[in-house]
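FYI, the numbering just counts along the sequence from 1. If you're wondering where the values come from, they're calculated on a predicted model, not measured in any experiment.
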Amino acid sequence: MRLVKVNDESIKNILTDLLQRSPNNYGKYEAIVADVVNDVKANGDAAVLSYTKKFDGCDFTPEQMLVTDEEIAEAYEAVDDSLIEIIRKALVNIREYHEKQRQYSWFDSKPDGTMLGQKVTALESVGVYVPGGKAAYPSSVLMNIVPAKVAGVEKIVMTTPPGKDGKVNPNTLVAAKEAGADEVYKVGGSQAVAALAYGTETIPKVDKIVGPGNIFVALAKKQVYGNVAIDSIAGPSEILVLADETANAHFVAADLLSQAEHDELASAILVTTSEQLAKDVEKEIEGYLAVLPRAEIMRKSIDNFGYLLVAETMDQAIATANAIASEHLEVVTANPFEVMTKIKNAGAIFIGEYSSEPLGDYFAGPNHVLPTNGTAKFFSPLSVDDFIKKSSIIYYSKEALEPIHKDIIAFAEAEYLTAHANSIRVRFEDDK
């Protein structure tokens, strides 16, 4: 990892470096993804099945794309009872947290004959994309489905790539069943996103697509946006640990590597006021890399996008953290709650040395689908809000409209919208 003194120039260079990881910089793949999306849009199941055979090695019929009750039962037999119990415990925490995010319709009536309000309605259908391939992420299944269920979404359709054997990872299937998915399809990649966006003979069109995926999935979501809603264009995982001399270097190093193991593009950054801590963390990282199984991935990640940043003051360290706006931010300082109040930009904030990032990934309850690549400056974690829409409610009686109708007419005419003005004027023609 690179040890760097914090100043305006170094932070500018680091931000430029980190932004290279953004899906927006992978334009060379956009034409490939566009071809797949347009093919699925035009040819439905036939295109989906063709790409499933090409990319996943599975020669399905349309009927075989849908996961059956028998396959779900097989998955339960294959998964340890202890893991099922852990999934259920995590579900309780995730559900309880998201239930506190519920919004309700409201109406405000006044004696003058007006009523204004807001009607909150859940989306009718949502597609959840879950990665497959080398790794299975049942935790992502829970984090994407639970807020949709809490919001009241009527139909939740999940897609995930099949293995070479034509089956879905059993951990993923069990998590989907426990969380409440209505249908699961064995389809992955940009073809799955296109199928959810436009619908096929077998896979239903949805109103919104959520869930992480590789660069092809991210670019497909970007392309279909507008025809459907999406959660975000997710980039590689990232963590920033904000620490002072009181931090435990053994813990900090472990936490940094917890994200570096995701992939070679993951980012792990320490921002500290203690140069000694930075050097100690670097030694600890080397010790972990000698024994952890995914060392090759972690090594590439920290070599390319890992930093040990040394700030002169805690205020400078906090400003650096806010500039980077990391997906995950741990605060490990003598006064972590005080520091936390000064953090403006972060997807999730973990406070204290026993609140490590994986706690949020799996069990605490807050959503682990978080803004990446600096977008925590203006985006929020996935929540119940992502699965509802709001309609404004407006009611005026004639008596309420009469004293203000001339003001509305004047406003409309000032914009040269005479039909707007006329729409108000005609309601009082008989009063002259």
How far apart are the closest heavy atoms of Asp182 and Ile156, and which atoms are they? OD2-N, 2.7 Å
To the nearest 0.5 Å, what is the distance between CZ (Phe305) and CG (Asp263)? 9.5 Å
Looking at CG of Asn43 and OG of Ser50, how far apart are the two atoms once the value is rounded to the nearest 0.5 Å? 9.5 Å
For the CG atom on Asp165, are there more than 12 heavy atoms of other groups (residues, nucleotides or ligands in this structure) within a distance under 6.0 Å? yes
With rounding to the nearest 0.5 Å, note down the distance linking CG in Asn422 to OG1 in Thr418. 7.5 Å
Shortest non-hydrogen contact from Val37 toward Ser190: CG2-O, 4.4 Å
Ignoring hydrogens and angles, tell me if any N or O in the side chain of Asp255 forms a donor-acceptor pair with the backbone of Ser356 under 3.5 Å. no
Qualifying salt bridge (Lys or Arg N to Asp or Glu O under 4.0 Å) pairs, either residue in residues 61-88, two or more places apart: Glu71-Lys186, Glu74-Lys167, Arg88-Glu178
Lys377 atom NZ: more than 12 heavy-atom contacts under 6.0 Å: yes
Is it the case that atom OH in Tyr225 sees more than 12 heavy atoms from other parts of the structure closer than 6.0 Å? no
Any donor and acceptor pair, going by atom type alone, linking the side chain of Ser125 with main-chain N or O of Asp207 inside 3.5 Å? yes
Just by distance, do the side chain of Asp39 and the backbone of Ala47 share a donor-acceptor pair under 3.5 Å? no
Report, one line per pair, each donor and acceptor closer than 3.5 Å where one atom sits in a side chain of residues 230-238; sequence neighbours left out.
unit_1	atom_1	unit_2	atom_2	d
Asp231	OD1	Lys221	NZ	2.6
Asp231	OD2	Gly211	N	2.9
Ser237	OG	Gln259	OE1	2.3
Ser237	OG	Glu327	OE1	3.4
Glu238	OE1	Arg21	NH1	3.2
Glu238	OE1	Arg21	NH2	3.4
Glu238	OE1	Asn373	N	3.4
Glu238	OE2	Glu327	N	3.1
Glu238	OE2	Asn373	N	3.2

Ring pair (Phe, Tyr, Trp, His ring centres under 6.0 Å) between Phe363 and His368: does it pass, once the steps are laid out? CA-CA 10 Å; Phe363 214 78; His368 79 200; over 10 Å; no
Exceeds 12 heavy-atom contacts within 6.0 angstrom, atom CD of Gln118: yes
Approximate separation, where rounding is to 0.5 Å, of Leu370 CG and Phe379 CZ: 13.0 Å
Minimum-distance pair of heavy atoms, taken over all atoms of Tyr288 and Ala253: CE1-CB, 3.7 Å
Measure from the side-chain N and O atoms of Thr16 to the backbone N and O of Lys12, and report whether any donor-acceptor pair falls under 3.5 Å. yes
Looking just at side-chain N and O atoms, do Asp361 and Ser139 make a donor-acceptor pair shorter than 3.5 Å? no
Do you know the tightest heavy-atom contact between Pro161 and Gly188? CG-CA, 3.6 Å
Donor on one side chain, acceptor on other, Asp385 and Gln103, under 3.5 Å: yes
So, the side chain of Thr160 versus the backbone of Val130: is there a donor-acceptor pair under 3.5 Å, distance only? yes
Classify the side-chain pair Thr200/Asp45 by whether it contains a donor and acceptor separated by less than 3.5 Å. yes
Taking OH in Tyr76 as the centre, count heavy atoms belonging to other residues, nucleotides or ligands within less than 6.0 Å. Is the count above 12? yes
Residue pair Ser267 / Ser301: nearest heavy atoms and the distance that separates them: N-OG, 4.3 Å
Hey, what do you get for CG (Leu242) to CD1 (Ile343), rounding to the nearest 0.5 Å? 5.5 Å
Quick one: pull up CD in Glu282 and CD in Glu284 and give me the separation to the nearest 0.5 Å. 11.5 Å
Taking Asn144 for the side chain and Pro212 for the main chain, is one N or O donor matched with an acceptor at less than 3.5 Å? no
Neighbour count >12 (heavy atoms, 6.0 Å) for atom CZ, Arg102: yes
Whether Phe350 and His328 hold their rings parallel, tilted or perpendicular, with breakpoints at 30° and 60°: tilted
Does any N or O in the side chain of Glu330 come within less than 3.5 Å of the main-chain N or O of Glu357, such that one atom is a donor and the other an acceptor? yes
Taking the side chain as every heavy atom from C-beta outward, state whether Ile14 and Leu309 have any atom pair closer than 4.5 Å. yes
Between Tyr185 and Thr202, is there a donor-acceptor pair closer than 3.5 Å when you use the side chain of the first and the backbone of the second? yes
Is there a donor-acceptor pair closer than 3.5 Å between any side-chain N or O of Asp386 and the backbone N or O of Ser383? yes
Tell me if a side-chain donor or acceptor on Arg2 pairs with a main-chain N or O of Asn304 at a distance below 3.5 Å. yes
Greater than 12 external heavy atoms within 6.0 Å of Tyr416's OH: no
Where Ala192 and Tyr129 come nearest, the two heavy atoms and their spacing: CB-CE1, 3.8 Å
Mark yes when over 12 heavy atoms from residues, nucleotides or ligands other than His420 sit less than 6.0 Å from its NE2; otherwise mark no. no
